[in-house]
Amino acid sequence: MVDLLPVRDEQACVAQPCPRCGSRLVSATGVWWRCRSGVCPYEMPGEAYKLYCELSEMVDRDPEAFFKIVSAYRSEVRALEPAWMR
């Protein structure tokens with residue numbers, strides 16, 4: 001499989017926008033991140049937040065390379081499923 005870049009530590013990723021409403025995500029308990037907006041219930045675990053930060057940084061830095069990685073990963077995973085399931 002195509003490996004994504006190593007996930008950076010939490011300090012390298014601060015103030016990411018909520019994927020649902022665009023408000024900022026804040027650390028709720030250290031393990032969970034939640035949307036700062038009072039009306040948006042969006043939450044994600046810390047590991048998902050780290051991955052979100054890394055992927056956001058990758059797409060901002062080089063969108064073309066990012067989508068090549070995503071396409072290669074999708075093709076590899078797709079090749080693993082039986083043809084009758086496609």
* To do: Hey, could you give me each pair passing salt bridge (Lys or Arg N to Asp or Glu O under 4.0 Å) that has a residue in residues 65-74? Not counting sequence neighbours.
  => Glu64-Lys68
* Asked: Roughly how far, to the nearest 0.5 Å, is the CD atom of Gln16 from the NZ atom of Lys50?
  -> 14.0 Å
* Asked: Listed by chain and number, what are the side-chain contact (heavy atoms from CB on, under 4.5 Å) partners of Ala48, not counting sequence neighbours?
  -> Met44, Pro45
* Structure fact -> Taken in chain and number order and not counting sequence neighbours, the residues that satisfy side-chain contact (heavy atoms from CB on, under 4.5 Å) with Pro17 are Arg24, Tyr52
Can you check whether [X] reaches [Y] side chain to side chain, under 4.5 Å on heavy atoms?
X     : Y     : answer
Phe66 : Leu55 : yes
Tyr42 : Pro19 : yes
Ser37 : Cys18 : no

* To do: Specify the closest pair of heavy atoms between Pro63 and Val59, including all atoms of both residues, with the distance to one decimal.
  => CG-O, 3.2 Å
* Asked: Other hydrophobic cluster members with Val31, side-chain heavy atoms of Ile/Leu/Val/Met/Phe/Trp/Tyr under 4.5 Å, chained?
  -> Trp32
* Is Val26 reachable from Leu51 through a run of hydrophobic residues whose side-chain heavy atoms are each under 4.5 Å from the next? -> no
